[in-house]
A.B. asks: 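Here it is, the structure in full.
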Amino acid sequence: MAKQQTQASYQARLDRVVGHVYAHLDEDIRPEGLAEIACLSPYHWHRIYVAMRGETISATIRRLRLLRAADRLANSDLPLGTIAERAGYSGADSFARTFREAYGQTPADYRATGSHAAFKAATEAEDHQGFPIAIETLPATRCASVAHRGPYLQIDQAMGRLFTALAAQKILAPDQAMRALFFDDPDLVPVGALRSRACSPVAEALPLALPLEETVLRGGLYARLRYRGPYADMRGAYRWLLGVWLPRSGYEPDDAPIFEAYLNYPQFVGPADLLTDIHLPLKTP
């Protein structure tokens, strides 16, 4: 029991580091100052971080800054130079090289032809058959969950807290699945007030203790859109699904939130290869 609690304590301390990084992405984040955030020795904290998280803190900072940059490229008209500067790059050339290494395209090409561009084109053309949709019936699924408030792109902070709590309560499986529920419209609700939940399926009889809460993913009919690509591009997929496919589908949306199921993870695959199933709840005809 003590060993399990110690592991969870280390995970919680590293979660604090990632939370600090998210809160200060626009600033100069010095890795040597993060030992204090982690409450670990400056001699050892980063080796612990790499061993437990599978990447260096510099890689984490770079990945999160590039994720935010990709969001700005896909969903704003900010100039490329401004996006590069806000991502922590002194010049557009160095930003372009790093972005291309991660996303497989230059920032300009990504803005013009990324996965968001395909959904935008299908939306503008009102092409309701542009992407395959599966209609399926899912069972109700009991989940352990942790609440998140703020930008949807930062829900992995809640995922970290969720997995830390699962480990502390000895219910973390090697293949633990990840889900996320999204309750608000990001075009209507202020970013800081957006509500979501990081979720993971657990057995019905398994007891849960705080900070874990029980959330049941609604059983019933769903439309599933399998999305391939960066999380930052998904707003276009939602607009096509809800604005083009749904009105021509013959279905009505049910009174329940959309959830996403993550089939792989950004620590292990590049942004272009991320797979996410978007589940839209439907009323039974």
A.B. asks: Taking only Lys NZ, Arg NE, NH1 and NH2, and the carboxylate oxygens of Asp or Glu, determine whether Lys283 and Asp254 approach each other closer than 4.0 Å.
C.D. replies: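 Looking at Asp254 together with Lys283, the answer is no, because their closest N to O distance does not fall below 4.0 Å.
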A.B. asks: Between atom OH of Tyr262 and atom OG1 of Thr276, what is the distance when rounded to the nearest 0.5 Å?
C.D. replies: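 If I round to the nearest 0.5 Å, the distance is 6.5 Å.
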A.B. asks: In terms of side-chain heavy atoms, does Ser200 have a donor or acceptor partner in Gln176 at a distance below 3.5 Å?
C.D. replies: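 Note: Ser200 and Gln176 side chains meet the donor-acceptor criterion.
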A.B. asks: From Arg224 CZ over to Leu282 CG, what is the distance, rounded to the nearest 0.5 angstrom?
C.D. replies: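 If we round to the nearest 0.5 Å, Arg224:CZ and Leu282:CG are 12.5 Å apart.
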A.B. asks: Side chains of Pro201 and Arg179: closer than 4.5 Å at any heavy-atom pair?
C.D. replies: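 The answer is yes, as the side chains (C-beta and beyond) meet within the 4.5 Å cut-off.
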A.B. asks: State, without any angle test, whether Thr60 and Glu55 hold a side-chain donor-acceptor pair at a distance under 3.5 Å.
C.D. replies: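 On atom types as modelled, these side chains qualify, holding a pair under 3.5 Å.
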A.B. asks: Roughly how far apart are Leu212 CG and Cys143 SG, rounded to 0.5 Å?
C.D. replies: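 These two atoms lie 11.5 Å from each other.
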A.B. asks: If you group Ile, Leu, Val, Met, Phe, Trp and Tyr by side-chain heavy-atom gaps below 4.5 Å, do Ile258 and Leu275 land in one group?
C.D. replies: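 No, no single cluster joins them.
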A.B. asks: Quick check on Glu136: does its CD atom have over 12 non-hydrogen neighbours (other residues, nucleotides or ligands) under 6.0 Å away?
C.D. replies: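 Yes, CD of Glu136 has more than 12 neighbouring heavy atoms, counting only those of other groups under 6.0 Å.
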A.B. asks: Looking only at non-hydrogen atoms, find the nearest pair between Ala144 and Val202 and report the distance.
C.D. replies: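 Scanning both residues completely, I find the closest heavy atoms to be N-CG2, 3.7 Å.
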A.B. asks: Taking all atoms of both residues into account, what is the closest heavy-atom pair of Ala147 and Ala158, and its distance?
C.D. replies: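 Here Ala147 and Ala158 meet closest at O-CB, 4.1 Å.
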A.B. asks: Once you measure the plane-to-plane angle for Tyr103 and Phe99, does it fall in the parallel (<30°), tilted (30-60°) or perpendicular (>60°) bin?
C.D. replies: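 Rings of Tyr103 and Phe99: parallel, as their planes differ by under 30°.
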A.B. asks: Should Tyr10 and Val50 be counted in the same cluster of Ile, Leu, Val, Met, Phe, Trp and Tyr side chains packed under 4.5 Å apart?
C.D. replies: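 No: no chain of side-chain contacts under 4.5 Å links Tyr10 to Val50.
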A.B. asks: Do the side chain of Asp156 and the main chain of Met159 share a donor and acceptor less than 3.5 angstrom apart?
C.D. replies: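 Looks like no, no N/O pair under 3.5 Å.
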A.B. asks: In Å, rounded to the nearest 0.5 Å, how long is the span from CD of Glu85 to OG of Ser90?
C.D. replies: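 Taking CD in Glu85 and OG in Ser90, the distance rounds to 9.5 Å.
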A.B. asks: Look at Asp109 together with Arg111 and state whether they make a salt bridge at an N to O cut-off of under 4.0 Å.
C.D. replies: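 Salt bridge between Asp109 and Arg111, a charged N being under 4.0 Å from a carboxylate O: no.
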A.B. asks: Could you tell me whether Arg53 and Asp15 make a salt bridge, using a distance below 4.0 angstrom between a side-chain N and a carboxylate O?
C.D. replies: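 Yes, Arg53 and Asp15 are salt-bridged.
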A.B. asks: Examine distances only and state if a side-chain atom of Arg86 and a backbone atom of Ala69 form a donor-acceptor pair shorter than 3.5 Å.
C.D. replies: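 No, the answer is negative, given that no donor and acceptor are paired below the 3.5 Å cut-off.
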A.B. asks: Hydrophobic clustering (ILVMFWY, side-chain heavy atoms < 4.5 Å, transitive) - are Val17 and Tyr22 grouped together?
C.D. replies: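 Yes, it is one cluster - the side chains of Tyr22 and Val17 are joined through contacts under 4.5 Å.
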A.B. asks: Using modelled atom types only, decide if a donor and an acceptor are shared between the side chain of Asp184 and the backbone of Pro186 within a distance under 3.5 Å.
C.D. replies: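 No, Asp184 side chain to Pro186 backbone: no donor-acceptor pair under 3.5 Å.
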A.B. asks: Is it the case that more than 12 heavy atoms not belonging to Arg47 sit under 6.0 Å from its CZ atom?
C.D. replies: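 Not buried by this count: 12 neighbours or fewer within 6.0 Å.
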A.B. asks: Within the side chain of His128, is there an N or O that forms a donor-acceptor pair under 3.5 Å with the backbone of Phe131?
C.D. replies: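 Checking the backbone N and O of Phe131 against the side chain of His128, no donor-acceptor pair under 3.5 Å is found.
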A.B. asks: Is there a side-chain contact between Tyr238 and Leu225 (heavy atoms, below 4.5 Å)?
C.D. replies: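 Tyr238 does not reach Leu225 side chain to side chain.
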A.B. asks: Taking all non-hydrogen atoms of both residues into account, name the closest pair between Asn264 and Asp273 and its distance.
C.D. replies: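 The answer is ND2-O, 3.0 Å.
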A.B. asks: Going hydrophobic residue to hydrophobic residue with side-chain gaps under 4.5 angstrom, can you get from Leu181 over to Ile278?
C.D. replies: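 Leu181 does not cluster with Ile278.
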A.B. asks: Does Trp245 use its side chain to pair, donor to acceptor, with the backbone of Ala223 at less than 3.5 Å?
C.D. replies: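 Not a single qualifying donor-acceptor pair exists.
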A.B. asks: Arg68 versus Asp26: any side-chain heavy-atom pair under 4.5 Å?
C.D. replies: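 In contact.
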A.B. asks: Can you tell me how far CG of Leu14 sits from OG1 of Thr164, rounded to the nearest 0.5 angstrom?
C.D. replies: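 Going from the OG1 atom of Thr164 to the CG atom of Leu14 covers 8.0 Å.
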A.B. asks: So do the side chains of Asn75 and His116 get within less than 4.5 Å of each other, counting heavy atoms only?
C.D. replies: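 SC-SC contact between Asn75 and His116 ruled out.
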A.B. asks: Evaluate the side chain to side chain donor-acceptor pair (under 3.5 Å) criterion for residues Gln105 and Thr113: first the C-alpha distance (whole Å), next the side-chain angles of each, then the deciding distance (0.1 Å), finally the verdict.
C.D. replies: CA-CA 9 Å; Gln105 295 179 290; Thr113 64; 2.8 Å; yes
A.B. asks: According to a 4.5 Å side-chain heavy-atom criterion applied to Ile, Leu, Val, Met, Phe, Trp and Tyr, with indirect links allowed, do Ile155 and Met178 form part of one hydrophobic cluster?
C.D. replies: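 Yes: a chain of side-chain contacts under 4.5 Å links Ile155 to Met178.
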A.B. asks: Could you pull out the closest heavy-atom pair between Pro31 and Ser58, with the gap in Å?
C.D. replies: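 For Pro31 and Ser58, the tightest heavy-atom pair comes out as CG-OG, 4.4 Å.
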A.B. asks: For Thr215 and Ser145, which heavy atoms make the closest approach, and how far apart are they?
C.D. replies: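 It is OG1-OG, 2.7 Å.
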A.B. asks: Evaluate side-chain contact (heavy atoms from CB on, under 4.5 Å) for Glu260 paired with His279, printing each intermediate quantity in order.
C.D. replies: CA-CA 6 Å; Glu260 294 175 1; His279 293 84; over 6 Å; no
A.B. asks: Counting distance only, does the side-chain N/O of Thr137 pair as donor-acceptor with the main-chain N or O of Leu221 below 3.5 Å?
C.D. replies: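 A pair under 3.5 Å: no.
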A.B. asks: For a 4.5 angstrom cut-off between non-hydrogen side-chain atoms, does Arg228 reach Leu274?
C.D. replies: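 Arg228 vs Leu274: side chains apart.
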A.B. asks: Begin from the C-alpha positions of Leu64 and Val21 and carry the test side-chain contact (heavy atoms from CB on, under 4.5 Å) through to its verdict.
C.D. replies: CA-CA 9 Å; Leu64 296 180; Val21 168; 4.0 Å; yes
A.B. asks: Does Gln129 have more than 12 heavy atoms from other residues, nucleotides or ligands lying within 6.0 Å of its CD?
C.D. replies: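 It does not: Gln129 CD has 12 such atoms or fewer within range.
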A.B. asks: With rounding to the nearest 0.5 angstrom, report the CG to CG distance, Leu34 to Leu40.
C.D. replies: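 Reported value, rounded in 0.5 Å steps: 11.0 Å.
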A.B. asks: Please report the C-alpha distance between Tyr152 and Phe183 in whole Å, then the side-chain angles of each, then the deciding distance to 0.1 Å, and finally whether the ring pair (Phe, Tyr, Trp, His ring centres under 6.0 Å) criterion is met.
C.D. replies: CA-CA 10 Å; Tyr152 284 160; Phe183 298 98; 9.0 Å; no
A.B. asks: With a 4.5 Å cut-off on side-chain heavy atoms, are Tyr227 and Ser115 touching?
C.D. replies: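 Yes, their side chains come closer than 4.5 Å.
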A.B. asks: When you compare the side chain of Val146 with that of Arg197, does any pair of heavy atoms fall below 4.5 Å?
C.D. replies: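 Sidechains of Val146 and Arg197: no contact.
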A.B. asks: What heavy-atom pair brings Pro285 and Tyr251 nearest, and what distance separates the two atoms?
C.D. replies: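 It is CG-CE2, 3.8 Å.
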A.B. asks: Check this for me, if you would: do Asp255 and Arg218 make a salt bridge, where the nitrogen-to-carboxylate-oxygen distance has to be below 4.0 angstrom?
C.D. replies: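 No, no charged N to carboxylate O under 4.0 Å.
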A.B. asks: Could you walk me through whether Tyr222 and Phe259 satisfy the ring pair (Phe, Tyr, Trp, His ring centres under 6.0 Å) test, starting with their C-alpha distance in whole Å, then the side-chain angles of each, then the deciding distance to 0.1 Å, before giving a yes or no?
C.D. replies: CA-CA 10 Å; Tyr222 283 88; Phe259 80 87; 5.4 Å; yes
A.B. asks: Would you mind telling me which of Thr98, Ile83, Leu73, Leu66 makes a side chain to side chain contact (heavy atoms under 4.5 Å, CB included) with Pro107?
C.D. replies: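 Exactly one candidate clears the test, Leu73.
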A.B. asks: Given side chains that start at C-beta, do those of Val216 and Thr141 come closer than 4.5 Å, heavy atoms only?
C.D. replies: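 Sidechains of Thr141 and Val216: no contact.
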A.B. asks: Flag yes if more than 12 heavy atoms outside Asp187 fall under 6.0 Å of its CG atom; otherwise flag no.
C.D. replies: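 Check passes, neighbour count above 12.
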A.B. asks: Determine, for Asp277 against Arg226, whether the closest basic-nitrogen to carboxylate-oxygen distance falls under 4.0 angstrom.
C.D. replies: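 Salt bridge flag = yes for Arg226 with Asp277.
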A.B. asks: Apply side chain to side chain donor-acceptor pair (under 3.5 Å) to residues Arg100 and Thr106 and explain how you reach the verdict.
C.D. replies: CA-CA 5 Å; Arg100 183 170 186 171; Thr106 66; over 6 Å; no
A.B. asks: Given Gln154 and Leu67, is the side-chain contact (heavy atoms from CB on, under 4.5 Å) satisfied, shown in steps?
C.D. replies: CA-CA 10 Å; Gln154 295 183 12; Leu67 174 63; over 6 Å; no
A.B. asks: Within the 3.5 Å criterion, strictly below it, is a donor on Arg13 or Ser9 matched to an acceptor on the partner's side chain?
C.D. replies: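 Judged by distance alone, the side chains do pair up.
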